[in-house]
Structure formats: C-alpha cells, structure tokens
Enquirer: 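Handing you this structure, nothing more for now.
Proteins get letters first, then strands, A, B, ... in listed order; numbering begins at 1 in each.
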Amino acid sequence: MTGFVFDRTFFQATAVEIAPAILGATLTHETDEGPVTLRITEVEAYLGDGTDPGSHAFRGKTARNAVMFGEPGHLYAYFTYGMHVCGNIVCSPVGSASGILLRGAEVVDGIELARARRGPTVRDRDLARGPARMTIAAGIRLADNGADLLSSPFSLEPATTQLAASSGPRTGVSGAGGSIEYSWRFWVTGDPTVSPYKRHPRAHA
DNA sequence: TTAAGGATTGACT
DNA sequence: GTCAATCCTTAAT
C-alpha cells in the first residue's frame with residue numbers, strides 16, 4: 001500500500017465496496033481556526049439505486065440528496081433531528097448515488113481545536129465518537145455540503161496499516177434498512193472511538 | 001397546507 | 001433505562 005493515494009477513480013465504486021477500505025483513513029479539514037485531522041474508525045454505507053430502503057436516495061433525486069448523485073469524493077452533509085449535521089463521502093459515478101456516512105473517528109491532530117469546538121466536559125475519546133459529534137469536531141457545517149474532499153481545505157489519506165474490521169447492521173435506521181440484511185456498518189475492531197450501537201425502535205427484524 | 005418522522009445527542013430517573 | 005429538543009424533508013391531504 002506504500003505510495004497509494006485516494007483519487008477520484010477510487011470513489012467510483014459503490015459505497016459498500018469502499019466503506020471497509022476507508023477505515024483507518026485520515027480526513028483533514030483546514031479552517032481559519034486551524035487544521036483538524038480525524039482517523040476514521042466507523043462508517044456506514046448507503047446505496048441509491050432503489051435497493052436500499054435506509055438510504056436518503058432510495059426514492060430518487062431530491063433537492064436534499066442531489067450531491068449524492070454528483071461527483072464521487074465530495075461531501076454530502078445533511079441536517080437531521082432539528083439540530084445535527086452528519087457527513088458522507090459521495091461514492092459511485094456521476095448520476096448514480098451512494099455514500100459513506102462517517103460515524104466515528106479519533107482526533108489525531110488539532111485536538112485542542114476539536115476540544116474547543118466540542119466543549120470543556122467532553123472526554124477525548126468522545127470528541128468525534130458519533131456522526132454529529134464527528135462533524136462538529138471536524139468543523140464541518142451544512143454550508144460545506146458538496147465540498148470536494150480531495151482538494152483544499154479538505155484532504156483524505158489512506159490508512160497506512162492493515163486493520164482488523166468488523167461489520168453489522170446499521171445504527172438508527174428504521175424499517176428494513178436497519179435489518180441484518182443490510183449489514184453495512186463497518187468499524188475498527190475494538191477501537192474506543194467507535195460509537196455504541198443503538199437499534200432503531202422501528203427497525204425491522 | 002399540514003402532519004409525521006428523522007442515518008442523534010445529552011440530560012435525567 | 002427513558003425522553004425531550006428542534007426544524008427540515010417528505011408524503012399525504
């Protein structure tokens with residue numbers, strides 16, 4: 001893997017194919033406040049071809065999910081629960097929608113800035129443990145929807161070592177999309193920054 | 001136009 | 001363990 005870098009072509013595969021390979025990768029976001037670098041430890045894959053009932057793109061293109069249908073390697077940021085922003089890496093070629101939800105990460109650089117963004121009572125392992133927490137620590141806002149993660153102020157670097165990965169049903173997804181049939185949550189086995197699994201109350205068996 | 005629900009989190013019992 | 005916060009998106013009137 002030495003010398004391997006992410007390029008646009010890499011993200012033209014589907015999210016399910018790419019998600020396990022993203023574990024251990026680092027995402028850097030540089031802002032006026034400084035850089036923060038996250039080592040990704042937990043992700044979920046969502047497809048958009050109408051076969052994934054848990055995906056925002058299940059019912060086709062809308063104003064909200066339009067970015068998912070655009071160029072791979074870009075950021076799909078969306079607002080949810082009236083107060084939270086979550087971030088995805090857009091996958092699949094233009095016109096085809098799939099994405100990787102970033103659910104958990106370890107802050108490996110800019111930790112003081114991440115602490116400032118998350119608040120004084122937050123423990124270091126919780127700084128980016130959870131999708132909405134991760135966006136706050138990274139300084140990703142709704143206005144960053146559509147940004148290219150492969151160019152400034154973002155950068156994305158592959159993992160440097162092979163990691164032990166686990167997989168299972170996606171967290172917080174209602175209906176059939178939260179079932180074992182869609183075991184598209186991937187995490188670094190045993191990593192403390194992986195968020196706790198919470199089954200949706202209306203998740204299908 | 002209205003209503004239901006959400007790819008969550010943090011506070012509280 | 002339970003539950004409220006809070007507003008955008010979607011589907012149904």
Enquirer: For the pair made of CZ in A:R199 and C1' in B:dA7, what is the distance, rounded to whole Å?
Expert: 16 Å
Enquirer: If you find the nucleotide of DNA chain B closest to A:R202 and the one closest to A:P131, which residue's nucleotide is nearer the 5' end?
Expert: A:R202
Enquirer: Any side-chain N or O of A:R185 below 4.0 angstrom from OP1/OP2 of B:dA7?
Expert: no
Enquirer: Respond yes when some side-chain nitrogen or oxygen of A:T171 is under 4.0 Å from OP1 or OP2 of B:dT8, and no when none is.
Expert: no
Enquirer: When you check the phosphate oxygens OP1 and OP2 of C:dA11, does a side-chain N or O of A:R59 lie under 4.0 Å from one of them?
Expert: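 Affirmative; the distance criterion is met.
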Enquirer: For the residue pair A:F10 and A:F4, is the inter-centroid distance of their aromatic rings smaller than 6.0 Å?
Expert: yes
Enquirer: Please confirm whether the shortest side-chain N or O distance from A:R129 to OP1 or OP2 of B:dT9 is below 4.0 Å.
Expert: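 No, A:R129 has no side-chain N/O under 4.0 Å of OP1/OP2 on B:dT9.
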Enquirer: For a quick check under 3.5 Å, do A:S166 and A:T189 share a side-chain donor-acceptor pair by atom type?
Expert: yes
Enquirer: A:R64 near the nucleic acid: base, sugar-phosphate alone, or nothing, with a heavy-atom cut-off under 4.0 Å?
Expert: sugar-phosphate
Enquirer: Which value, rounded to the nearest 0.5 Å, describes the distance between A:E42 atom CD and A:R129 atom CZ?
Expert: 9.0 Å
Enquirer: Whole angstrom is fine here: how far is it from CZ in A:F79 over to P in B:dT9?
Expert: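 To the nearest whole Å, that distance equals 13 Å.
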Enquirer: Show your working on salt bridge (Lys or Arg N to Asp or Glu O under 4.0 Å) between A:D124 and A:R115 and close with a plain yes or no.
Expert: CA-CA 8 Å; A:D124 283 353; A:R115 285 174 183 148; 2.8 Å; yes
Enquirer: Measure the distance from CD1 on A:I136 to C1' on B:dT8 and round it to the nearest whole Å.
Expert: 10 Å
Enquirer: Report the distance from atom CD of A:E44 to atom P of B:dT8, rounded to the nearest whole Å.
Expert: 7 Å
Enquirer: Can you see if the side chain of A:H200 gets near the phosphate of B:dA7 - specifically, an N or O under 4.0 Å from OP1 or OP2?
Expert: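 Checking B:dA7 against A:H200, no side-chain N or O comes under 4.0 Å of OP1 or OP2.
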Enquirer: For a quick check, tell me whether the side chain of A:Y81 and the base of C:dA5 share a donor-acceptor pair closer than 3.5 Å.
Expert: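 Looking at the base of C:dA5, it does not pair with any donor or acceptor on the side chain of A:Y81 (distance under 3.5 Å).
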Enquirer: Under a 3.5 Å limit for both distances, which nucleotide forms a Watson-Crick or G-U wobble pair with B:dA7, could you say?
Expert: none
Enquirer: Does any donor atom in the side chain of A:T9 or A:Q12 lie under 3.5 Å from an acceptor atom in the other side chain?
Expert: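 No, because no side-chain N or O of A:T9 sits under 3.5 Å from a partner of the opposite role on A:Q12.
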Enquirer: Using both distances under 3.5 Å as the test, list the Watson-Crick or G-U wobble partner of C:dT6, or none.
Expert: none
Enquirer: Would you mind telling me which of B:dT8, C:dT10, B:dG6 lies closest to the side-chain atoms of A:T62?
Expert: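 Out of B:dT8, C:dT10, B:dG6, the nucleotide with an atom closest to A:T62's side chain is C:dT10.
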Enquirer: Considering only side-chain heavy atoms of A:R133, which listed nucleotide, B:dT9, C:dC7, B:dG6, is closest?
Expert: B:dT9
Enquirer: Can you measure A:L127 atom CG to B:dT9 atom P for me and round it to whole angstrom units?
Expert: 13 Å
Enquirer: Is the distance between the ring centroids of A:H56 and A:Y78 under 6.0 Å?
Expert: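 Yes: the rings meet the under 6.0 Å criterion.
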Enquirer: Base, sugar-phosphate, or nothing: which does A:G130 touch, judged by heavy atoms less than 4.0 Å apart?
Expert: sugar-phosphate
Enquirer: Side-chain N or O of A:R118 less than 4.0 angstrom from OP1 or OP2 on B:dG10?
Expert: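 So the side-chain polar atoms of A:R118 do come within 4.0 Å of the phosphate oxygens OP1 or OP2 of B:dG10, strictly under.
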Enquirer: In whole angstroms, how far is the C1' atom of B:dA11 from the CE atom of A:M83?
Expert: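 Atom CE in A:M83 sits about 12 Å away from atom C1' in B:dA11.
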Enquirer: CD1 of A:I140 versus C1' of B:dA7: gap in Å, rounded?
Expert: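 My rounded result for the distance is 15 Å.
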Enquirer: Looking at B:dA7, I'd like to know if its phosphate oxygens (OP1 or OP2) sit under 4.0 Å from a side-chain N or O belonging to A:H56.
Expert: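 Indeed, a polar side-chain atom of A:H56 lies that close.
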Enquirer: In terms of side-chain heavy atoms of A:K198, which of B:dA7, B:dT8, B:dG10 is nearest?
Expert: B:dG10
Enquirer: Within this structure, what is the CG-to-C1' distance between A:D126 and B:dG10, rounded to whole angstrom?
Expert: 11 Å
